[in-house]
Amino acid sequence: MTTLLIATRNAHKVGEIQAILGAPFRCLTLKEFPDAPAVVEDADTFAGNATKKAVELAKWLACSECGKRNVESGNIFVLADDSGLEVDALNGTPGVHSARFAALDKLENSRDADNNAKLLRLLKDVPLEKRAGRFRCVIALATVSSPSAQQLFDGACEGWIQFAASGHGGFGYDPLFVPDGFTQSFAELGEDVKNKLSHRAKALAKLKVYFSRLPT
Ligand code: IMP
């Protein structure tokens with residue numbers, strides 16, 4: 001059994017990661033580690049932010065009682081997801097700033113509804129054929145025993161941005177994003193479909209291959 005600490009406070013991301021990974025992973029979340037430090041996501045790439053989150057939490061865990069216990073009994077991995085939406089007509093933005101797109105001058109995340117409203121406003125005059133974009137995800141994996149030796153796994157999901165939100169599933173920009181090959185948004189398609197083709201699903205598929213090749 002592999003133990004992973006999923007290093008995000010985004011409950012939707014945790015749910016998707018747990019659903020996609022399934023057995024044989026034992027997933028811990030930051031709810032079980034209320035003293036874990038908040039990591040400032042100030043890198044300018046998804047890989048930079050994911051790495052920072054995974055390494056800082058693995059280092060913190062190595063010094064905590066729980067981390068030490070886990071290291072003695074085997075190992076614990078820290079998994080950090082950094083992800084976002086890139087829109088071609090906006091030169092790849094919101095990108096790494098997806099979570100706080102509506103108020104870029106603030107450090108805290110904006111509400112999904114405000115981010116979506118800003119995106120629709122900026123794309124108001126952009127025709128259908130120029131509304132292409134993609135979700136991108138980079139997952140960093142660090143170990144408590146050797147925090148600096150991290151691995152990266154990436155995934156992207158191509159699609160386009162609708163003219164209005166539709167659907168109630170998922171989170172973030174899901175009500176606006178229609179993946180290529182479909183006519184409904186991620187929020188309408190639901191979690192079973194999304195978790196098979198999303199950026200996160202593709203990155204996690206690579207992570208599963210990595211674990212399957214580790215010596216037991
Ligand atoms: P992070 O927590 O800094 O990685 O921010 C990710 C942000 O990107 C989220 O707050 C969402 O706005 C957006 N995002 C990432 N993945 C998804 C997804 O699967 N669906 C919709 N929005 C997403």
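If you read the sequence from its start, that first residue is 1, and numbering goes on from there. In what follows, every heavy atom counts, from backbone to side chain, and hydrogens, waters and symmetry copies are set aside. Ligands are counted one by one from 1 in listed order, and the atoms in each one are counted from 1 as well.
Within the 4.0 Å heavy-atom cutoff, His199 counts among the residues contacting ligand 1. For the ligand labelled ligand 1, residue Leu85 lies outside the 4.0 Å heavy-atom shell. Under a 4.0 Å heavy-atom criterion, Asn115 is not in contact with ligand 1.
For atom 22 (N) of ligand 1, the candidate residues are Phe46, Tyr173, Phe101; the nearest heavy-atom contact is made by Tyr173. Comparing Ala99, Ala80, Gly84 by heavy-atom distance to atom 5 (O) of ligand 1, the nearest is Ala99. Comparing heavy-atom distances from atom 20 (N) of ligand 1 across Asp174, Leu176, Asn49, Asn116 singles out Asp174 as nearest.
Summary of contacts: the protein heavy atom closest to atom 19 (O) of ligand 1 is Lys194 NZ, 2.8 Å. Summary of contacts: the protein heavy atom closest to atom 6 (C) of ligand 1 is Ser83 O, 3.1 Å. Scanning the protein heavy atoms around atom 1 (P) of ligand 1, the nearest turns out to be Lys13 NZ, 3.3 Å. Shortest contact from atom 3 (O) of ligand 1 to any protein heavy atom: Glu41 OE1, 2.8 Å. What sits closest to atom 16 (N) of ligand 1 on the protein, heavy atoms only, is Arg200 NH2, 2.9 Å.
Residues Phe101 and Asp114 have side chains not in contact (no heavy-atom distance under 4.5 Å, counting atoms from C-beta outward).
At a heavy-atom distance under 4.0 Å, atoms from both the backbone and the side chain of Phe171 approach ligand 1.
Judged purely by distance below 3.5 Å, without hydrogens or angles, the side chains of Ser83 and Asp81 pair a donor atom with an acceptor atom. Under 3.5 Å, the side chains of Arg100 and Ser110 contain no donor-acceptor pair of N or O atoms. Between the side chains of Ser166 and Glu188, at least one donor N or O lies within less than 3.5 Å of an accepting N or O. Side chains of Arg26 and Thr2: no donor on one and acceptor on the other come within 3.5 Å.
Residue Asp112 places no N or O, backbone or side chain, under 3.5 Å from any N or O of ligand 1. Checked by distance only, ligand 1 and Glu16 stay at 3.5 Å or farther apart across all their nitrogen or oxygen atoms.
The residues Arg136 and Asp154 are annotated as not salt-bridged, no charged nitrogen and carboxylate oxygen being separated by less than 4.0 angstrom.
Within 6.0 Å of the NZ atom in Lys208, the count of heavy atoms belonging to other residues, nucleotides or ligands exceeds 12.
A donor-acceptor contact shorter than 3.5 Å links the side chain of Asn115 to the backbone of Ala99.
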Check against ring pair (Phe, Tyr, Trp, His ring centres under 6.0 Å), Tyr173 and Phe186: CA-CA 9 Å; Tyr173 300 92; Phe186 261 162; over 10 Å; no
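Aromatic ring orientation, Phe135 versus Phe177: tilted (interplanar angle from 30° to 60°).
Residue contact check: Asp82 has heavy atoms under 4.0 Å from atoms 1 (P), 3 (O), 4 (O) of ligand 1.
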